[in-house]
Amino acid sequence: MAHTLPLPKYHQIYLVLREQLHEGLFAQGVPGEHALMRQFGVARVTVRRALQELAGEGLIARERGRGTRALSSITRPATAGGNGRTKTTRLTGLLENLVSTSLNTTVRVLEVTSVGASADVAQALRVMPGDTVQKAVRVRSTREGPLSHITTWVPGDLATQFGKRELAKKPILMLLEESGVRVGGARQTISARLADAQVASHLGIAVGSALLAVRRLIHDEQGRPVQWLHGLYRPDRYEYQMQLSRVGDIAAKVWVSSELSAQFH
């Protein structure tokens, strides 16, 4: 666990498990107390307190003899078009910057598989649940070390021309355009989450460390979703910068962004 965080250990565990529940990682059952004790390196009482918090919110059910199972009442984050923090970008801004960032870093491909789309992925990509999509998991680094842990999903019919070898050499946006896709723009949400054991090991940080969480839906010029991305970035090495301009008179107090860039160090 991250001992420098101003949060009790049980609450750090609660936040990590809550995010994993949201992502549907425990569809087959939540790990038992002993497994969680080993994963987080804490006492049983700490794990139990975290599970009590999750149960109190109706996110899990704990039954004697049946273990712990996830429930379906997890609150979903705001989506594009709602009242959440959603940013619509132009290709000439964020997406070009993302390609530039990709070309100035190295990537390690952890996984590339064809899978059936989960409910969340299907909704984002506008396909049917169970339809084939390409899932890719990568860690991007600079000379100073790991920078981000990225999971992407691409509709199966758009990913036939590239696999693990190509993903290790080029950004997905370039591969998509080489496959005939004309990328039009993206919608993005930015939030925060805590690192679980798997992500922490890949990014060289402690379990429970704070991460910048980015969800990005990229679409083509006709508005069809072509890539759904979940990115986890080390905040000590990665930041977003925006140029803001005022619109309207003084009473309006409205600011809009004209440029956005991703900086890493």
Side-chain angles (χ1 to χ4, degrees), residues 19-28 70-99 101-102 109-138 148-164 166-167 170-191 193 212-233 240 257 260 262:
E19 182 67 22
Q20 292 178 327
L21 284 163
H22 167 73
E23 293 178 349
L25 299 184
F26 299 139
Q28 305 303 317
L71 300 178
S72 59
S73 58
I74 301 173
T75 301
R76 301 295 181 186
T79 56
N83 295 322
R85 291 164 294 177
T86 302
K87 172 65 183 173
T88 301
T89 61
R90 295 174 293 110
L91 180 59
T92 54
L94 173 62
L95 296 185
E96 284 185 350
N97 186 269
L98 292 173
V99 172
T101 298
S102 299
V109 181
L110 304 180
E111 173 190 350
V112 179
T113 54
S114 292
V115 300
S118 66
D120 283 351
V121 172
Q123 182 180 17
L125 294 179
R126 282 193 251 156
V127 299
M128 296 298 295
D131 282 358
T132 299
V133 296
Q134 182 195 76
K135 177 184 177 182
V137 183
R138 295 162 296 155
S148 62
H149 182 281
I150 306 293
T151 304
T152 57
W153 294 266
V154 173
D157 63 308
L158 300 181
T160 58
Q161 302 300 315
F162 54 87
K164 187 172 185 179
E166 291 76 17
L167 287 167
K170 294 182 179 181
I172 289 185
L173 289 181
M174 292 183 64
L175 293 172
L176 284 170
E177 295 214 320
E178 289 176 1
S179 300
V181 174
R182 296 181 64 85
V183 176
R187 283 195 290 267
Q188 175 169 282
T189 62
I190 302 175
S191 60
R193 63 165 284 185
L212 181 66
V214 174
R215 297 197 177 193
R216 184 180 305 124
L217 182 63
I218 296 175
H219 57 82
D220 65 14
E221 291 182 342
Q222 285 70 48
R224 179 194 177 184
V226 297
Q227 184 195 70
W228 178 227
L229 177 148
H230 289 190
L232 298 172
Y233 299 81
Y240 280 96
S257 61
L260 186 150

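By convention here, the first residue in the shown sequence is residue 1.
In this structure, the separation between CD on Gln222 and CZ on Arg182 is 8.5 Å, given to the nearest 0.5 Å. With rounding to the nearest 0.5 angstrom, the CZ atom of Arg187 is 9.5 Å from the CH2 atom of Trp228. We find the OG1-CG distance between Thr189 and Leu217 to be 10.0 Å, quoted to the nearest 0.5 Å. Here the straight-line distance linking atom NE2 of His149 with atom CZ of Arg138 works out to 10.5 Å at 0.5 Å rounding. One finds the CD atom of Glu111 at 9.5 Å from the NZ atom of Lys164 (value rounded to the nearest 0.5 Å). Distance check: Arg215 CZ to Asp120 CG gives 7.5 Å after rounding to the nearest 0.5 Å.
Between Ile172 and Leu167 there is a side-chain heavy-atom pair separated by less than 4.5 Å. No side-chain heavy atom of Arg224 sits under 4.5 Å from any side-chain heavy atom of Arg126. Side-chain contact between Leu175 and Gln161 is absent, with no heavy-atom pair separated by less than 4.5 Å. Inter-residue side-chain proximity for Val183 and Gln227 is flagged as unmet; no heavy-atom pair is nearer than 4.5 Å. The shortest side-chain heavy-atom distance between Glu178 and Lys170 falls under the 4.5 Å cut-off. Contact annotation: the side chain of Tyr233 approaches that of Ile150 to within less than 4.5 Å [non-hydrogen atoms, C-beta and beyond].
Between the side chain of Glu177 and the main chain of Met174, no donor-acceptor pair closer than 3.5 Å is present.
In terms of heavy-atom proximity, Leu212 sits nearest to Ser191 at CD1-O, 3.7 Å. Taking every heavy atom of both residues into account, Ala136 and Val112 meet most closely at CB-CG2, 4.2 Å. In plain terms, the two heavy atoms of Leu125 and Trp153 that are nearest each other are CD1-O, 3.9 Å. Closest heavy-atom contact between Met128 and Ala117: O-CB, 4.1 Å. Across every non-hydrogen atom of Pro155 and Pro225, the tightest pair is CG-O, 3.8 Å. Closest heavy-atom contact between Pro129 and Ala122: N-CB, 3.6 Å.
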How far apart are the C-alpha atoms of Val154 and Val226, what are their side-chain angles, what is the distance that settles it, and do they pass the side-chain contact (heavy atoms from CB on, under 4.5 Å) test? CA-CA 6 Å; Val154 173; Val226 297; 5.9 Å; no

Under the side-chain contact (heavy atoms from CB on, under 4.5 Å) rule, what do Ile218 and Leu229 come out as? Steps first, then yes or no, please. CA-CA 8 Å; Ile218 296 175; Leu229 177 148; over 6 Å; no

